Protein chains: 2
Amino acid sequence: MEKKEDRRVTRTRRMLRQALVNLMREKPVSAITVRELCDACEINRGTFYAHYSDVSSLLTSIEEELFEKLQTMLAEISTREMLTQGRAGPAIVTLFEFLKENEDICRMLLCDNGDPAFIERVRAFVRTEVLSDWRQLFSDDGERQEYTLAFLVAGSLGLVQRWLDGGLETPPAGIAQMLTDFITKGVAVLR
Amino acid sequence: MEKKEDRRVTRTRRMLRQALVNLMREKPVSAITVRELCDACEINRGTFYAHYSDVSSLLTSIEEELFEKLQTMLAEISTREMLTQGRAGPAIVTLFEFLKENEDICRMLLCDNGDPAFIERVRAFVRTEVLSDWRQLFSDDGERQEYTLAFLVAGSLGLVQRWLDGGLETPPAGIAQMLTDFITKGVAVLR
DNA sequence: ATGTTAATAAACTGTCTGTTGATTATTTTT
DNA sequence: AAAAATAATCAACAGACAGTTTATTAACAT
């Protein structure tokens, strides 16, 4: 008694998701109407409402799928290993490889016309879950800890966004090592 | 032949700006209608259109004023001084003091329900103008430079956002020094 | 006090939303 | 292959908002 989803349902959802991804290349999600979404993939507007309550609900369903995968991979990253060894572990490389494989959807959600709420959600997860064990390693007081975390998480996300926007030219392993360097050793502008 | 602005015009603009600031505490600008904006400050809807073409145009006029000030202050920051002395110069402290004085509007624009486009604009300015002279100091190759810049700019902005969201408890000079540390020496998790 | 300019009130068209009911088409079941 | 079940379509609806316009009232500068 698992999954028997009507083919029509699958098709409708697939068409709508694809249409949204396409439209989000051009404009922010807040400027996309249910009408043009349905026109774009020739789905009846009434049918849309049989599946989603509004555009942002459709977007959320896409985000949910991606977030669950990201969550798993992010949790695998050993910050302790990163710090003690100074080298990018396999988990972080895997993450960047995943981002590359899902370039389309990742760029859509994380970059320019992306969803600020989703970005904030990722940011919050990284801050609380991934980097939480760092706190034990900190020699700073509590106040500075908070700012340090904010700086690192924002910087890391900025690096990822830059990588995605730049067409992913640098290989995953290279980016992973760079990020590890920045976090553990600073940016080393002066040598 | 300088400035003789009708008091009524001044009042109308002031009311609308204030109403937008208030509404943006609750929801993103994309969810704010001209109607509720006018209702909130008891301005006729027709009057709104005599001044602005839409909500985002009103927002832009607010942003423009802030951006010009930020631009000036950001340009004063000597990155070279920061790097060679390792201490926060007066310009960067002044910037944080300004942010504190304009807490309301800065939080509205830069934080949670802020305007992504405006944030991106600030980010771009810092990247191209403020940190441009850093390139000469870099000993890294061009590719790494780009990522370094992205990391630093995003991290710095994240730090500022965290400071604003946290109620600006840390004094401007303290935050300025912290940012300088992070940029020039890394976050120094391990000592 | 008067001419000028801004704000108001009210109306109108057009677009999008969210919902409904009747009909057609497709899928699944038997 | 026929029947039963379910999904998609079409058309129509009321409600909200966008922009624009016109006549009217109020505030302003001098």
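A quick note: this is a predicted structure, and the numbers were derived from the prediction, not measured. Order of the sequence lines sets the chain letters (A, B, ...), proteins ahead of strands, with each chain counted from 1.
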### Query
Can a side chain N or O of B:Thr12 be found less than 4.0 Å away from OP1 or OP2 on C:dA7?
yes
### Message
Please report the distance, rounded to the nearest Å, between CG in B:Leu23 and C1' in D:dC17.
### Response
15 Å
### Query
DNA chain D: B:Ile32 or A:Ala50, which has the more 5' nearest nucleotide?
A:Ala50
### Query
Does a salt bridge link A:Glu36 with A:Lys27, judged by any charged N lying under 4.0 Å from a carboxylate O?
yes
### Task
Answer yes or no: does atom CZ of B:Arg25 have more than 12 heavy-atom neighbours from other residues, nucleotides or ligands under 6.0 Å?
yes
#### Entry: Separation of C:dC16 P from A:Leu37 CG (nearest whole Å)
13 Å
### Message
I'd like to know if the side chain of B:Thr10 and the backbone of B:Asp6 have a donor-acceptor N/O pair within less than 3.5 Å.
### Response
yes
## Note on the structure
dist B:Thr170:OG1 -> B:Phe96:CZ (nearest 0.5 Å) comes out at 10.5 Å
### Query
Taking the side chain of A:Thr33 as its heavy atoms from C-beta onward, which of C:dT8, D:dT9, C:dC16 lies nearest to it?
C:dC16
### Query
D:dC17 C1' sits how many Å from B:Glu36 CD, rounded?
11 Å
### Message
Salt bridge or not between B:Arg121 and B:Glu63? Use side-chain N to carboxylate O under 4.0 Å.
### Response
no
### Query
Taking NZ, NE, NH1 and NH2 as the nitrogens, is one of them in A:Glu120 or A:Arg123 under 4.0 Å from a carboxylate oxygen of the other?
yes
### Query
If you look at every strand shown and take non-hydrogen atoms under 4.0 Å, does B:Glu42 touch a base, only sugar-phosphate, or nothing?
sugar-phosphate
## Note on the structure
Per-nt protein contacts along nucleotides 18-30 of chain C (heavy atom under 4.0 Å; B base, S backbone sugar-phosphate only, - none) come out as BB-----BBSSS-
### Under-4.0 Å side-chain N/O to phosphate OP1/OP2 contact, A:His51 with D:dA7
no
#### Entry: Nucleotide C:dA7, atom P - distance to CE of B:Met15 in whole Å
12 Å
### Query
Where does the angle between the aromatic ring planes of B:Phe151 and A:Phe182 fall among parallel (under 30°), tilted (30 to 60°) and perpendicular (over 60°)?
tilted
## Note on the structure
A:Phe48 atom CZ is separated from D:dT9 atom C1', nearest whole Å, by 16 Å
### Message
From CG of A:Leu16 over to C1' of D:dA8, roughly how many Å is that when rounded to an integer?
### Response
12 Å
